[in-house]
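Working notes, structure below.
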Amino acid sequence: MTMSCRERVIAALNQESLDRPPVAVFTTCDTIGMMQACGSSWPEAHSDPQKMATLACAQADYFGLESVRAGFCLTEEAEALGCPMDMGSANRSPMLKGHPYLYDPENEVYDDPSKMPDIETFLNTGRVKTAIDAMTIMKKTHGEDYIIIGGNTGPMTLTGHLVNTENLLFSVWTDREQAKKWISSVAPYCKAFGEALVEAGADLVQMSEPSGSTDMMSPDDFWDITGQFVKKCFDGLDAYSILHICGDSAPIIPYMLDTGVTGISVEEKVPSEKAIEISQHRGAMVGNVGCAFPLFKGTPEDVAAAARRSRDAGFNVISAGCGVPIGTPDENIRALVKAIKG
């Protein structure tokens, strides 16, 4: 019996034995080639639910990837909470233009988390509402054959958007309780957004928490500053869940899995075989074909070799190690798919 893409991804998330793993990008994949093929482009696709859904589904329609995923960046929630934005262009992602909640521990200036809007207002504001509405559209058009993925931002990363990441990290060492107060106050917004995505049609919530990377802070700080709050965001979620953290996540893979997620997404900075060894099959493993190289800068042959390495190591879902760069050549993404699907 032939499995649908949806059935294959769900089986992989449940760590069932398969003839081959699915190939799907759980992080962002919104390339210029996809935009040209489907007729839905940035920046309009960030703020229009139908255009967002159309571009998201081009992952499957244009490239043959085995899932569909929206939104397209990690600034949706920050904008809804008051961050000024530059919405970018057809080939440039949105960017934050300021941090509305000043957090300057060196000068002992602390803004108040209670100044954030209430959660209901947050869920009905800007691109947060756009992404929620896009889930409903994607569920109707592709939900029978593909798993629907909604992306959101982790609580530490979102806190950094609001109060300035550099200051937040500095406070981890100088005023840890104040840093945790902020992250604790932001986490309910992350949780509510994930739940709203699921209610609207998402089968899986993929949280990106780049500020939890070992490039940003000591692995010894991970659980106290990041992990415990990520766990609260996913507690009780009636859906699959994937946590992505950038960089060399090897020292924190066990802690990432302690958050109770279905699985984790790791970059190529962790050798494929090492990532599987550390995980001890405690959750589904997603990754870990490099985004800069080979996907963006390499050849199709480079991509195929990296995909086969992840497959042979035992990754449950073969995917990009992080968000796929917008200028990634079509032929490289097709090589990723062909290397696994044949």
Side-chain angles (χ1 to χ4, degrees), residues 26-28 73-78 81 83 93-106 110-111 113 151-187 189-190 206-234 241-259 261 264-271 274-275 278-279 286-288 290-292 320-325:
F26 283 14
T27 50
T28 54
C73 74
L74 301 184
T75 63
E76 294 171 338
E77 301 98 312
L81 290 172
C83 286
S93 297
M95 296 176 61
L96 300 178
K97 300 297 289 183
H99 311 286
Y101 302 90
L102 177 64
Y103 185 26
D104 185 355
E106 185 173 359
Y110 302 102
D111 209 336
N152 73 347
T153 306
M156 183 180 180
T157 302
L158 180 53
T159 301
H161 290 341
L162 300 180
V163 305
N164 184 301
T165 300
E166 182 179 353
N167 285 343
L168 179 62
L169 289 170
F170 183 69
S171 75
V172 170
W173 303 298
T174 61
D175 193 344
R176 180 174 291 242
E177 291 309 309
Q178 181 69 11
K180 290 166 64 175
K181 174 185 175 182
W182 259 104
I183 299 168
S184 178
S185 297
V186 167
Y189 293 85
C190 305
Q206 183 271 305
M207 174 182 284
S208 295
E209 182 69 303
S211 292
S213 170
T214 59
D215 293 336
M216 305 284 275
M217 65 179 182
S218 167
D220 293 337
D221 289 322
F222 177 82
W223 187 259
D224 190 43
I225 300 300
T226 301
Q228 63 164 320
F229 301 107
V230 170
K231 186 178 189 303
K232 291 176 181 178
C233 293
F234 283 122
S241 53
I242 295 292
L243 173 63
H244 173 80
I245 295 180
C246 304
D248 181 4
S249 57
I252 58 172
I253 283 175
Y255 304 129
M256 292 172 69
L257 291 164
D258 285 345
T259 62
V261 290
I264 62 174
S265 165
V266 299
E267 285 192 359
E268 74 284 356
K269 289 184 179 180
V270 187
K274 182 178 181 180
I278 296 171
S279 74
V286 180
N288 66 335
C291 291
C322 193
V324 175

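Excluded from the calculations below are hydrogen atoms, water molecules and symmetry mates; all remaining heavy atoms, backbone and side chain alike, are included. Being a predicted model, the structure only gives us computed values, none of them experimental.
- Counting heavy atoms from C-beta outward, Leu168 and Asn164 have side chains that stay 4.5 Å or more apart.
- Remark: side-chain polar atoms of Thr159 are paired, donor with acceptor, to backbone N or O of Pro155 under 3.5 angstrom.
- With contacts defined as side-chain heavy-atom distances shorter than 4.5 Å, the pair Lys181/Pro113 qualifies.
- At distances below 3.5 Å, not a single donor-acceptor pair connects side-chain atoms of Thr226 with backbone N or O atoms of Trp223.
- Put simply, the side chain of Ile264 reaches to within 4.5 Å of the side chain of Ile253, judged on heavy atoms.
- Side-chain atoms of Thr28 and Cys73, non-hydrogen and from C-beta on, never get closer than 4.5 Å to each other.
- Between the side chain of Ser213 and the backbone N or O of Cys246 there is at least one donor-acceptor pair closer than 3.5 Å.
- Checking side-chain atoms of Glu209 against main-chain N and O of Val230 turns up no donor-acceptor pair under 3.5 Å.
- With hydrogens and angles disregarded, a donor-acceptor distance shorter than 3.5 Å links the side chain of His161 to the backbone of Leu74.
- Take Phe26 and apply the ring-ring contact (aromatic ring centres under 6.0 Å, His included) test, not counting sequence neighbours, and it matches no residue.
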Take Asp175 and Phe170 through the side-chain contact (heavy atoms from CB on, under 4.5 Å) test and state the conclusion after the steps. CA-CA 8 Å; Asp175 193 344; Phe170 183 69; over 6 Å; no
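- Between the side chains of Ser171 and Gln178, not a single donor N or O lies within less than 3.5 Å of an accepting N or O.
- A donor-acceptor contact closer than 3.5 angstrom links the side chains of Gln206 and Ser208.
- A 4.5 Å side-chain heavy-atom check between Met207 and Ile242 finds every atom pair outside the cut-off.
- Here the side chains of Met217 and Ile225 are in contact, with some heavy-atom distance below 4.5 Å.
- Heavy-atom contacts from other residues, nucleotides or ligands closer than 6.0 Å to OH of Tyr255 number 12 or fewer.
- In this structure, Asp215 pairs ionically with Lys269, as a charged nitrogen and a carboxylate oxygen lie closer than 4.0 Å.
- A donor-acceptor pair is defined here as one N or O able to donate and one able to accept, closer than 3.5 Å; no such pair exists between the side chain of Glu267 and the backbone of Gly321.
- No salt bridge links Lys231 with Asp258; every basic N to acidic carboxylate O contact stays at or beyond 4.0 Å.
- You'll find the side chain of Phe222 reaches within 4.5 Å of the side chain of Ile245, heavy atoms only.
- Taking both residues in full, the closest heavy atoms of Val266 and Ser249 are given as CG1-OG, 3.4 Å, listed atom of the first, atom of the second, then distance.
- Side-chain contact between Ile278 and Pro254 is present, with at least one heavy-atom pair separated by less than 4.5 Å.
- Side-chain atoms of Thr27 come within 3.5 Å of backbone N or O of Cys322 as a donor-acceptor pair.
- Closest of all the heavy-atom pairs between Asn288 and Glu268 is O-CB, 3.3 Å.
- Without hydrogens or angle criteria, Thr157 side chain to Ser211 main chain gives a donor-acceptor distance under 3.5 Å.
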